[in-house]
Amino acid sequence: MRQKKLKHVDIDLMNELGVITKVKHLDTSNYSVVNLEIGSGKGQFITSLANDNKDELFIALERNINVCYRIVEKKLELKLDNLIVILGDSENLLEYLSENTVNNIFLNFSDPWPKARHHKRRLTYQPFLNIYKKLLVSDGILQLRTDHLDLFNDSLEYFENNFNIFDVNR
């Protein structure tokens, strides 16, 4: 479902609300556990986790400004000081975060890019997996959730060459 364009939402407002809108390195050293959700949507998942785990850092990355605004609304409503919201692209993750600093990466219901010529855009495609491998700590976890069977099956193949798969639930 496409998010309705919010006329009052622009980059200046996002900056005022504390959203990271320019690529910059983030200091995560105050937290022993760092969680990253890529493609956070409206933020239901990440805000719930952040609310339940105040001693951990959560980072929500979303590239659609209107959807990102919904995350910020939840962050402010719940007073989540342990949640960083980034309006940006996953290609720049290594500029935001240092290598070996992320404990968990969540990919929840990402765009499946079903056409074969678009597979390179998938968040589970090899260039992205290379980024995740660099970001994750040695025992870090990459978790994928999807309702798109072809994306799931293809992603399993991509993962086999890059990660130790320890739990698959169809």
Side-chain angles (χ1 to χ4, degrees), residues 11-65 67-72 74-76 78-111 113 119-146 151 155-156 158-167:
I11 292 292
D12 292 333
L13 175 62
M14 297 302 271
N15 285 322
E16 286 175 33
L17 295 173
V19 175
I20 308 294
T21 59
K22 292 186 174 148
V23 177
K24 71 174 191 174
H25 189 267
L26 303 173
D27 179 15
T28 61
S29 61
N30 291 336
Y31 293 90
S32 60
V33 177
V34 177
N35 302 282
L36 169 65
E37 184 181 24
I38 302 169
S40 298
K42 296 178 187 174
Q44 185 65 38
F45 177 81
I46 196 83
T47 56
S48 293
L49 280 179
N51 196 39
D52 292 342
N53 301 282
K54 301 280 189 179
D55 57 329
E56 298 179 13
L57 178 63
F58 292 86
I59 302 168
L61 177 74
E62 178 56 53
R63 65 187 215 175
N64 180 308
I65 192 169
V67 177
C68 193
Y69 179 74
R70 299 299 183 196
I71 303 169
V72 176
K74 289 177 179 72
K75 175 186 175 171
L76 296 174
L78 296 170
K79 298 179 175 81
L80 299 174
D81 296 330
N82 62 332
L83 175 62
I84 296 172
V85 180
I86 301 173
L87 175 62
D89 200 293
S90 57
E91 293 173 349
N92 300 320
L93 280 170
L94 289 169
E95 296 177 57
Y96 291 109
L97 298 161
S98 299
E99 292 186 18
N100 302 309
T101 57
V102 179
N103 299 84
N104 300 294
I105 296 176
F106 303 102
L107 304 174
N108 293 319
F109 302 96
S110 307
D111 190 332
W113 294 105
H119 284 192
K120 64 183 178 237
R121 298 178 185 172
R122 289 178 166 177
L123 291 175
T124 57
Y125 204 61
Q126 189 62 52
F128 294 107
L129 296 181
N130 292 337
I131 293 170
Y132 308 153
K133 284 193 299 190
K134 289 179 182 177
L135 290 175
L136 284 168
V137 297
S138 62
D139 60 345
I141 295 174
L142 172 61
Q143 178 179 306
L144 169 71
R145 291 181 182 175
T146 183
L151 173 63
S155 297
L156 272 180
Y158 305 150
F159 293 161
E160 285 174 350
N161 299 323
N162 294 278
F163 297 97
N164 296 323
I165 299 173
F166 66 89
D167 186 19

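In this chain, residues are counted from 1 in sequence order. Model, not experiment: these values are computed from the prediction.
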Without placing hydrogens or testing angles, list every side-chain donor-acceptor pair under 3.5 Å for residues 26-35, not counting sequence neighbours.
| from | atom 1 | to | atom 2 | distance (Å) |
| --- | --- | --- | --- | --- |
| D27 | OD1 | S29 | N | 3.0 |
| D27 | OD1 | S29 | OG | 2.6 |
| D27 | OD2 | S29 | OG | 3.4 |
| N35 | OD1 | N104 | ND2 | 2.7 |
| N35 | ND2 | E56 | OE1 | 2.9 |
| N35 | ND2 | L57 | O | 3.3 |

If you round to the nearest 0.5 Å, how far is [atom2] of [Y] from [atom1] of [X]?
| X | Y | atom1 | atom2 | value |
| --- | --- | --- | --- | --- |
| N82 | K75 | CG | NZ | 8.5 Å |
| K79 | N51 | NZ | CG | 11.0 Å |
| I59 | I84 | CD1 | CD1 | 5.0 Å |
| L87 | S40 | CG | OG | 11.5 Å |
| I46 | L80 | CD1 | CG | 10.0 Å |
| I71 | E62 | CD1 | CD | 5.5 Å |

query: Under 4.5 Å between any side-chain heavy atoms of F106 and L142, yes or no?
result: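 A side-chain contact is absent here, since even the closest heavy-atom pair is not under 4.5 Å.
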
message: When you compare the side chain of F45 with that of R145, does any pair of heavy atoms fall below 4.5 Å?
response: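 In contact.
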
I need the minimum non-hydrogen distance between [X] and [Y], along with the two atoms involved.
| X | Y | result |
| --- | --- | --- |
| K74 | Q44 | CE-OE1, 3.7 Å |
| L135 | S98 | CD2-O, 3.7 Å |
| F128 | S90 | CE2-OG, 3.2 Å |
| I105 | I38 | CG2-CD1, 3.8 Å |

Acceptor/donor pairs from residues 11-24 side chains to any protein atom, 3.5 angstrom cut, sequence neighbours excluded:
| from | atom 1 | to | atom 2 | distance (Å) |
| --- | --- | --- | --- | --- |
| N15 | OD1 | T21 | OG1 | 2.5 |
| N15 | ND2 | I11 | O | 3.2 |

message: If you apply the rule side chain to side chain contact (heavy atoms under 4.5 Å, CB included), what do you find for L83 with V85, and how did you get there?
response: CA-CA 6 Å; L83 175 62; V85 180; 4.2 Å; yes

query: Which residues satisfy the ring-ring contact (aromatic ring centres under 6.0 Å, His included) test with Y96, sequence neighbours excluded?
result: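 In terms of ring-ring contact (aromatic ring centres under 6.0 Å, His included), with neighbours along the sequence ignored, Y96 is linked to no residue.
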
- prompt: What pairs meet the salt bridge (charged side-chain N to carboxylate O under 4.0 Å, His left out) rule with one or both residues in residues 87-109, with sequence neighbours excluded?
  reply: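 Output for this query lists R63-D89.
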
- request: Give every residue pair that meets the salt bridge (charged side-chain N to carboxylate O under 4.0 Å, His left out) criterion with at least one member in residues 124-142, sequence neighbours excluded.
  value: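 Sorted result for residues 124-142: empty, none.
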
task: Any chance you could lay out the side chain to side chain contact (heavy atoms under 4.5 Å, CB included) test for T101 and V137, step after step, and finish with the verdict?
output: CA-CA 6 Å; T101 57; V137 297; 5.7 Å; no

query: With N100, which residues qualify under side-chain hydrogen bond (donor to acceptor under 3.5 Å, both in side chains), at least two apart?
result: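 None.
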
